[in-house]
Engineer: 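Encoded as structure tokens, here's the structure I'll be asking about.
Protein chains get the first letters and strands the later ones, always in sequence-line order, with residue 1 at the start of each.
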Number of protein chains: 2
Amino acid sequence: MARVSDQPIRQRDAERTRAELLAVATEVFAESGYSGARVDEIAERTRTTKRMIYYYFGGKEQLYLAVLEEAYRGIREAERGLDVGELGPVEAMRRLAELTYDHHLEHQAFIRLVAIENIHRGEHIQRLQSLRDLGQPAMSLLDEILERGRVEGVFRDDVDAFDVHLIISAYCVFQVANQYTFGYLFSRDLHAPESRTHLRALIGDVVVSWLSRR
Amino acid sequence: MARVSDQPIRQRDAERTRAELLAVATEVFAESGYSGARVDEIAERTRTTKRMIYYYFGGKEQLYLAVLEEAYRGIREAERGLDVGELGPVEAMRRLAELTYDHHLEHQAFIRLVAIENIHRGEHIQRLQSLRDLGQPAMSLLDEILERGRVEGVFRDDVDAFDVHLIISAYCVFQVANQYTFGYLFSRDLHAPESRTHLRALIGDVVVSWLSRR
DNA sequence: CCGAGAATGTACCAACGGGTACATTGCCGT
DNA sequence: ACGGCAATGTACCCGTTGGTACATTCTCGG
């Protein structure tokens, strides 16, 4: 998308201009990486000019920082929607794994941004104090499910939330982040419809059978 | 490393010049990504000049292609060394997962290259026919272990080698590829010595308990 | 030992790319 | 209704960067 919305364009609207730059910048950085992204291209894809990037953000790097911060905040927002409350611990855990899988497939641009940031050894994210310990909400939910499972005697008691989160995240991120090389090396399309169904069930299966008492 | 070796420098040595360029280019591309890498920097870190990059490879992109191909070949070579032959299926599987974990931690530059290539949607690797189905050897080994386990009745029979490989790869790649953002968001250093021991055992544990008949 | 071609070095170029100086215009409060 | 400032546009700058023209030198076969 080049325009953020089709509502009649007011001549002057600082908020709108800033938001549009941020949205387009998110796309472009996710597509091309930090070095690969071109300030001129970002500007061209908006209804405004390059000048505005410097007016609102200060420069390419600050724009990228704003993109990162906004992207992480959006994801945290989306994660709030996760709900597995009614289910028993085993099914809740399976559900959480599967929802996480879906969630990652739906936010590929975000995962690309994360991959890009890691290429840069996290030098930018470390400057965003607002993101410190952003992982806590996800951990709490996991913790609660794990605890219920332990109380009911269906889950082993030597695994903590962090480990579970790591396994699920790694699996789901990999599906998106490494789809091209992995798909090529094994001649498979991880995102073909049949594959998705199978791979979605797979992570639930792995987690549940790993955590279950035997 | 700026120099590949300290052996006396012969004045003219095509092979050596080419190899040195390739080695340094591998470092630089892995450090900075494709767009971020500078041809001038690669040249500066060798005992030769930029001119030679164009003489031997043709340009930045072809040099990157050569780096990718060579890196994948090196990894396949290293994977040949994997040996779990003497062990029973369960211990062989655990061992394989743990060795894969070690292997990934030891080849971080390679994993960075893979991440970079995925940012580019695999457009380069797809042009390297020599890498097609490079994953087969790893799959065969897994297949053999799985089959032994099924015959002995210790492994379930509804999981195939690809699924196991995916789980292990995802986990091990993630440790390296996402260490910076993940570490920051959860305030943990995945590569601290205690972490390593734990995380190494974890993947073996997950795979074995998932695959084992109950 | 010599000539030819492979291998290398030097100096340069043109396009690109992030950033800015300066002019202008629309909007809001009084 | 107008003055002032926020917001925007235009045109330009200059260091960087991938790439190359041309000269040179080493090496090796005959």
Side-chain angles (χ1 to χ4, degrees), chain A residues 2-5 7-68 116 120 123-124, chain B residues 2-5 7-68 116 120 123-124:
Chain A
R3 289 288 173 78
V4 159
S5 119
Q7 84 188 53
I9 294 171
R10 299 234 309 275
Q11 286 308 73
R12 300 269 168 121
D13 186 337
E15 262 327 295
R16 195 172 184 288
T17 301
R18 209 191 114 95
E20 189 181 355
L21 281 170
L22 202 54
V24 173
T26 301
E27 292 173 25
V28 176
F29 280 122
E31 278 169 24
S32 313
Y34 179 73
S35 309
R38 299 289 163 237
V39 172
D40 284 302
E41 190 190 346
I42 294 172
E44 270 165 31
R45 292 211 216 167
T46 68
R47 66 174 168 79
T48 182
T49 65
K50 181 166 65 158
R51 180 68 182 75
M52 291 299 97
I53 289 174
Y54 295 91
Y55 185 69
Y56 284 107
F57 298 93
K60 183 181 183 180
E61 191 175 6
Q62 290 104 308
L63 175 59
Y64 173 74
L65 277 168
V67 163
L68 248 197
I116 288 161
H120 293 277
E123 60 180 284
H124 306 100
Chain B
R3 289 287 173 75
V4 159
S5 122
Q7 82 189 54
I9 295 170
R10 300 234 306 274
Q11 285 310 74
R12 299 266 169 123
D13 186 336
E15 262 326 295
R16 195 171 185 287
T17 301
R18 208 190 115 97
E20 189 180 356
L21 281 170
L22 203 54
V24 173
T26 301
E27 292 173 26
V28 176
F29 280 122
E31 278 170 23
S32 313
Y34 179 74
S35 309
R38 299 289 163 237
V39 172
D40 284 302
E41 191 190 345
I42 295 171
E44 268 166 33
R45 291 211 216 166
T46 67
R47 65 173 170 78
T48 180
T49 65
K50 181 166 65 158
R51 178 69 183 75
M52 291 299 97
I53 289 174
Y54 294 91
Y55 185 70
Y56 285 107
F57 298 93
K60 183 182 182 178
E61 192 176 4
Q62 291 104 307
L63 175 58
Y64 173 73
L65 277 169
V67 163
L68 248 196
I116 288 161
H120 293 278
E123 59 178 285
H124 306 100

Engineer: May I have the distance from E44(A) (atom CD) to dC16(C) (atom P), rounded to whole angstrom?
Structural biologist: 12 Å
Engineer: Counting only side-chain heavy atoms from C-beta out, which of dG18(D), dG9(D), dA6(C) sits nearest to Y55(B)?
Structural biologist: dA6(C)
Engineer: With a 4.5 Å heavy-atom cut-off, do E20(A) and T48(A) have their side chains touching?
Structural biologist: no
Engineer: Which residue is it: R51(B), K50(B), K60(B)? I am looking for the one with a salt bridge (charged side-chain N to carboxylate O under 4.0 Å, His left out) to D40(B).
Structural biologist: K50(B)
Engineer: Between dG19(D) atom P and D40(B) atom CG, what is the distance in whole Å?
Structural biologist: 11 Å
Engineer: What is the distance, rounded to the nearest whole Å, between atom CE of M52(A) and atom C1' of dT10(D)?
Structural biologist: 11 Å
Engineer: Rounded to the Å, how far apart are D13(A) CG and dT25(C) C1'?
Structural biologist: 16 Å
Engineer: To the nearest Å, give me how far apart NZ (K50(B)) and C1' (dT10(C)) are.
Structural biologist: 11 Å
Engineer: When only distance counts, do a donor and an acceptor, one from the side chain of R12(A) and one from the base of dT25(C), lie under 3.5 Å apart?
Structural biologist: yes
Engineer: At 4.0 Å (heavy atoms only), tell me whether A43(B) reaches a base, stays on the sugar-phosphate, or touches nothing.
Structural biologist: nothing
Engineer: Could you check whether the rings of Y34(A) and H120(A) sit parallel, tilted or perpendicular, using 30° and 60° as the cut-offs?
Structural biologist: perpendicular
Engineer: Establish, with yes or no, whether the OP1 or OP2 oxygen of dT8(C) is under 4.0 angstrom from a side-chain nitrogen or oxygen of T17(B).
Structural biologist: yes
Engineer: Could you give the OH-to-C1' distance, from Y56(B) to dT8(C), as a whole number of Å?
Structural biologist: 8 Å
Engineer: Tell me the interatomic distance from Y64(B), atom OH, to dG18(D), atom P, rounded to whole angstroms.
Structural biologist: 15 Å
Engineer: Can you see if the side chain of Y54(A) gets near the phosphate of dT20(C) - specifically, an N or O under 4.0 Å from OP1 or OP2?
Structural biologist: no
Engineer: Using atom types as modelled and distance alone, determine if a side-chain donor or acceptor of R47(B) lies under 3.5 Å from a backbone N or O of E44(B).
Structural biologist: no
Engineer: Give one of base, sugar-phosphate or nothing for R51(A), where a contact means two heavy atoms less than 4.0 Å apart.
Structural biologist: base
Engineer: Hey, does the side chain of T48(A) come within less than 4.0 Å of dA7(D)'s phosphate (OP1/OP2), counting only N and O?
Structural biologist: no
Engineer: Between the base of dG17(C) and the side chain of K60(A), is there any donor-acceptor pair under 3.5 Å?
Structural biologist: no
Engineer: So if I take every side-chain heavy atom of T49(B) and compare against dG18(C), dT17(D), dG9(C), which nucleotide ends up nearest?
Structural biologist: dG9(C)
Engineer: Would you mind telling me which of dG18(D), dT8(C), dT20(C) lies closest to the side-chain atoms of R38(B)?
Structural biologist: dG18(D)
Engineer: How many Å lie between CG on L21(B) and C1' on dG18(D), as a whole number?
Structural biologist: 15 Å
Engineer: Quick one: are I116(B) and Y64(B) in side-chain contact, heavy atoms under 4.5 Å?
Structural biologist: yes
